[in-house]
Amino acid sequence: MLVLTDINKQYPDGTHALKQINLELHKGMVGLLGPNGAGKSTLMRTLACLQAPDQGDYAFLGKSCLQDPSMLRKQLGYVPQHFGVYPNMSCEALLTHIAVLKGLSAKQYKKQIPELLALTNLTSVAKRHVSTFSGGMKQRFGIAQALLGEPKLLIMDEPTSGLDPAERERLHDVLVEISADKLIILSTHIVEDIENLCHHVAMLIEGQIIDSNDVETLIAPLNNKIWLCDTLPTSHAQVLSKSYKYGKPSWRIYSEQQPTANARLQLAKLEDRYFLELHKKEARHANK
Amino acid sequence: MLINNELRYAYRQPIVWVVTIAVSLLNTLIGLGSLHELSTLNELYQVYALLQMLIMPAAFAVIAVTLLFRDSTSNMMVLIDVTPVSFRVRWRTRVFVSTAILSFPMLFGFVVVCGVFASQTTWLMGLQSFFLISLFGIVQSSFLLILIAFYLVKRSCTPFTLYAISAAEGIVYIVIGGILGFQFLSGSAIVSEVFYTFMLWADPFGITPLLDINVSDQASNVPFIVNRIVYFIVGVLVFLALSKVSINLNVEHNNKKAVKPAQEKTRRHVYKRLPDLPVVHLLFLNFKVLLSSKLTPVILVIWASIVLNEALSTLLSAQAHNLNNSITALNAVAWDVYLLFTSVCLALWSGLVCWHTQRNQFADVLSSTPISNWQKIMADMITLLICLLVLTVVMGVASLMAELIAGSDISLLHYVQQIIFSLVPQALLAVIFVCIHHIAKSVIKAGLCIFALLIIKFTPITSALGITHLLWNIAGSPLQPASQTKLFLESEQVFLPFMLFWSLVAATLCVFAVKLSHRGAGYVMNKKIWTMPAVAMALLTLGAGSVMHIQITNEKPLTYQKQRMQWQADYEQTFRHFADLPQPTMTELDTKIAFYPEQGKAYFDVQYTLENTSEYPISQFLVSRDGNHTNWSLTLINREGEIKPPKLNQYEIRLAKPLEVGQSLNLKVSLMLKQVMFWPSSEHLIIKPKWSQIAAQSILPMVGYQPEFEIQDPLERANKGLIAEPSQTGVPVKAMLRTTLSTQLKHESQAPGVMVKQWQEDGRKFYQYQTSQPIELDVVWQSEPRIILHE
């Protein structure tokens with residue numbers, strides 16, 4: 001559905017945000033996982049035709065988006081990481097405003113807007129000014145406006161940042177409901193969201209795609225090699241992450257053998273693979 | 001559909017409604033107030049030009065920021081840019097709608113004015129052409145201004161840049177109008193024929209060719225027609241060029257340049273050296289914001305150029321009259337250009353300084369620190385005061401340079417005096433602006449409030465509404481420019497009382513600002529506003545204002561133009577019949593005047609000798625005096641008669657026995673004159689230790705009906721129901737004049753005639769003067785310190 005070929009992007013201040021990105025994405029929910037500064041937002045903006053890459057191209061449904069960006073915009077819904085709203089505009093009025101800009105006829109948007117308000121649970125605040133919305137409500141508004149025009153491609157850049165657990169769960173429900181016949185690219189650094197929602201994940205670190213596959217395939221190399229320890233091992237076993245339970249620390253370790261006597265074998269998670277790649281990146285920097 | 005969408009957005013913004021209604025009303029009021037049935041078409045064009053120069057820049061700034069800058073100010077750029085509407089289509093729609101919204105209220109006023117005067121059939125053709133010219137003038141000017149805003153949006157400039165440019169446009173046009181001889185600007189004259197000819201063809205808003213006095217019929221006004229066509233084509237081409245390439249959203253990354261190590265070291269160094277005082281750090285932050293704006297040095301350069309140009313051109317013109325000196329140089333800039341330019345700069349910079357934390361989305365963080373409201377307000381005030389000082393020093397330096405170039409007579413003492421008189425009021429204005437920004441919870445509200453203050457201060461709107469008052473000059477005083485001979489002597493007394501009053505106003509606002517400050521974040525912590533200090537300050541200010549008003553009114557009872565007109569109309573309607581009655585003639589005046597310059601008083605006892613030089617007996621006569629000079633009395637000497645209580649400050653006297661032809665009677669008038677403290681003195685009446693001068697004709701009562709008191713303007717006479725023609729002025733009165741003057745010992749006095757005697761008595765000096773023949777009463781009595789007379 002969406003094919004990226006050799007996408008490169010470097011900013012004037014020297015930041016090389018995207019390096020030779022190659023991806024092929026099909027319908028469903030796709031996760032773009034990476035730490036802060038990995039290039040996720042740059043990739044999202046590029047895919048949303050907001051900025052052109054320095055090199056490479058990307059095609060949606062077989063048509064080059066660089067040559068005809070308006071073609072993609074007609075089928076695109078975009079929720080940026082940070083966005084503001086116009087003052088003195090109610091939720092309904094601003095949705096109407098954006099619907100008109102998206103080329104919807106009055107008949108179309110008069111049908112879609114109430115449906116979207118219901119989907120995002122904003123019906124009761126339809127007449128309220130969007131500028132008075134809480135963070136969660138504003139995010140839901142962002143999704144509602146992105147879904148105007150029934151887009152085939154939905155790009156969501158960190159949609160759950162700043163949301164409380166209840167709002168996150170509501171958002172997940174909405175995303176799952178709409179993902180059946182669309183390509184939804186979900187960019188986030190919250191691994192749990194990706195693991196729960198996405199069938200396919202691309203890992204982006206320092207502007208490069210480290211790996212891109214379904215979740216099981218990404219986790220497979222770590223099977224039977226993840227241990228949970230209550231004490232920090234002294235051996236050269238790779239510490240993936242540290243967590244606390246009731247104030248007591250525990251470590252997740254990547255090791256071929258049992259690293260400590262009290263180590264317990266765990267099921268590998270996507271998070272483990274993510275941390276492993278991050279540590280590999282740090283090791284590369286240390287060696288330089 | 002896109003146009004509807006755009007209009008729907010626009011009219012959801014309250015500020016668009018406010019601007020539309022306010023500008024429509026202002027245009028209508030000023031248009032109707034400035035014009036009347038007898039106005040010419042040229043006067044109509046002048047009103048159009050005035051409104052376009054004064055009001056359009058402000059309306060443009062608000063409309064452009066609300067409609068064209070909205071994506072960046074609301075952080076909606078990304079959401080809007082991903083929609084399928086192309087950049088060109090979107091901006092074509094926005095420019096079209098913004099131009100329409102900006103033009104509409106400007107046109108509304110003119111349509112109303114045209115409608116009011118369309119009943120004048122001789123006007124009809126002219127009105128039609130006027131309407132078309134307004135359309136091409138206003139709509140086209142709006143289009144050009146909107147294009148400027150579009151360009152700034154493309155350059156990713158902030159709204160501050162737009163505000164600065166629109167303010168500069170207004171000021172520069174007023175200055176240019178002054179040197180192009182726009183008739184509605186006082187003191188304007190064509191300074192350069194070459195520049196005037198250039199502007200006839202090149203004026204972007206077509207005002208210069210429209211007001212060209214050599215053109216009688218606009219239909220054949222070739223420069224205007226060519227000008228409009230060329231600028232229309234240029235505007236369209238510019239728009240097509242601008243709308244070709246979309247705005248690059250990645251502004252932050254694209255504009256970010258690698259910081260050089262030396263720069264980084266300097267920045268750390270500066271921070272380390274700052275004392276650990278919150279106010280100092282806040283000041284540093286404020287100046288960083290001001291100096292990082294590219295407009296700041298541009299403003300200073302423009303200001304220096306304006307001052308140099310104005311001062312130099314005035315000095316060169318004054319050379320012919322031998323008046324090229326510091327007084328001439330500073331008078332050219334300090335009383336209009338300086339006030340307007342610094343006021344606008346203070347308005348802009350106060351917005352920049354007081355709201356930068358919110359603009360950078362740092363307000364919540366800063367306002368949660370322990371810095372007090374007072375510290376934040378102090379820092380903002382000090383910042384603005386320093387900026388004002390810089391502007392004032394630039395004015396002084398540029399004026400000095402102009403004087404050096406012109407080889408003029410430099411007086412540094414006058415510079416010091418002028419700078420003090422100029423700086424203090426503007427400093428108070430800066431304080432008021434900062435307080436407004438801290439009290440208003442949004443920059444829009446604060447901006448509107450400040451804009452309203454500037455309109456009241458600098459435009460004749462209060463006169464147009466018939467509510468003229470000295471206190472509408474916010475943070476100002478009626479101090480007059482220095483004269484060549486007496487410097488500020490005639491009006492310096494008004495400076496202190498007015499500055500004390502405005503200082504009290506500023507202090508009261510500070511108290512409220514400290515209580516109500518939102519600290520940049522837009523939230524107010526303190527709900528308890530009316531504490532003892534606040535109540536006390538508010539009451540004190542109200543009390544002081546009331547006292548000022550009473551004093552202003554007492555010193556000049558006919559304070560307002562409308563009051564004066566009404567008094568004149570009442571005088572004519574009540575006493576005109578005396579013009580047809582025989583009245584006695586003044587033949588002799590024996591005047592005893594006691595000057596008390598230190599107290600600012602002078603006492604008059606005047607004995608009039610009145611003779612019946614008519615052919616009829618006189619049984620009643622009128623003694624007239626100007627309505628502004630009350631507090632006088634008169635008595636008949638050696639004659640029986642009835643003196644009616646004064647009406648409209650006039651005395652009617654009915655004699656018990658008519659005054660036969662050739663007979664005389666004596667009348668004694670007593671009056672006291674006091675130096676005004678809240679009004680500038682006129683040269684006819686000034687009583688001060690440094691110099692005292694009283695003109696007889698302005699203060700002495702005169703016998704008989706005075707045609708000079710009548711309204712001369714035919715339209716006003718018609719409005720008041722008076723007969724069309726005012727009375728003819730009579731032959732000037734001549735009388736023998738004997739004056740006995742007394743003054744303080746260190747003074748010497750002068751009066752008309754020859755001095756016959758002088759002596760000292762009771763610690764005062766006395767002089768007696770006598771004229772040898774009857775003279776006209778346009779004479780003056782003076783008292784000055786002895787050393788001045790000897791020089």
Side-chain angles (χ1 to χ4, degrees), chain A residues 9-15 17 41-42 44-52 68-90 93-94 96-106 109 129-131 138 141-142 145-146 148-149 151 153 155 157, chain B residues 1-18 65-91 93-94 245-260 359 361 442-445 522:
Chain A
K9 178 72 185 174
Q10 186 168 10
Y11 291 115
D13 66 351
T15 310
S41 293
T42 303
M44 299 290 100
R45 281 201 298 270
T46 306
L47 294 179
C49 303
L50 292 171
Q51 64 188 51
D68 188 10
S70 63
M71 176 275 307
L72 179 63
R73 288 196 189 125
K74 284 174 189 158
Q75 308 173 80
L76 173 70
Y78 181 48
V79 185
Q81 185 173 4
H82 301 294
F83 65 93
V85 290
Y86 288 148
N88 305 303
M89 297 283 275
S90 67
L94 193 48
T96 307
H97 186 82
I98 295 173
V100 171
L101 293 178
K102 284 193 172 188
L104 272 67
S105 66
Y109 68 69
H129 285 182
V130 190
S131 51
K138 208 170 118 184
F141 168 80
Q145 64 80 29
L148 281 168
L153 172 63
I155 297 174
D157 194 351
Chain B
M1 189 135 169
L2 285 175
I3 291 177
N4 276 347
N5 204 37
E6 197 62 26
L7 283 169
R8 261 201 305 263
Y9 169 78
Y11 285 109
R12 275 188 166 268
Q13 308 309 311
I15 192 71
V16 171
W17 284 101
V18 168
V65 167
T66 306
L67 299 184
L68 301 181
F69 278 76
R70 67 189 198 240
D71 290 345
S72 58
T73 56
S74 301
N75 201 12
M76 280 276 288
M77 278 177 87
V78 169
L79 288 185
I80 299 299
D81 257 31
V82 294
T83 58
V85 175
S86 72
F87 178 82
R88 187 178 296 176
V89 168
R90 187 176 342 122
W91 278 97
T93 315
R94 288 186 181 189
V245 180
S246 67
I247 298 164
N248 191 339
L249 284 175
N250 250 342
V251 176
E252 205 184 302
H253 274 290
N254 286 341
N255 288 346
K256 222 195 280 184
K257 291 185 174 106
V259 177
K260 294 177 188 152
R359 251 192 324 276
Q361 295 171 346
S442 82
V443 65
I444 300 270
K445 284 178 194 164

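Computed from a prediction, not measured in an experiment: that's the story for all the values here. In what follows, chains carry the letters A, B, and so on, assigned in the order in which the sequence lines appear, proteins first and then strands, with residues in each chain numbered from 1. Side chains are part of it too, since the values below use all heavy atoms of this structure and drop only hydrogens, waters and symmetry mates.
- Counting all heavy atoms, side chain and backbone alike, A:K102 lies closest to A:Q145 at NZ-O, 2.9 Å.
- Heavy atoms of B:R8 lying under 4.5 Å from chain A belong exclusively to its side chain.
- When only modelled atom types and interatomic distance are considered, A:Y86 and A:S131 share no side-chain donor-acceptor pair under 3.5 Å.
- Closest heavy-atom contact between A:R73 and B:D81: NE-O, 3.3 Å.
- Looking at B:N4, there are no atoms closer than 4.5 Å to chain A (heavy atoms on both sides), in backbone or side chain.
- Between A:F141 and A:F83 the shortest heavy-atom distance is CD2-CE1, 4.3 Å.
- Using a 4.5 Å cut-off between heavy atoms, A:L104 contacts chain B through its backbone alone, with no side-chain atom that close.
- With chain B as partner, the option from A:V85, A:L76, A:L72 having the largest number of non-hydrogen pairs under 4.5 angstrom is A:V85.
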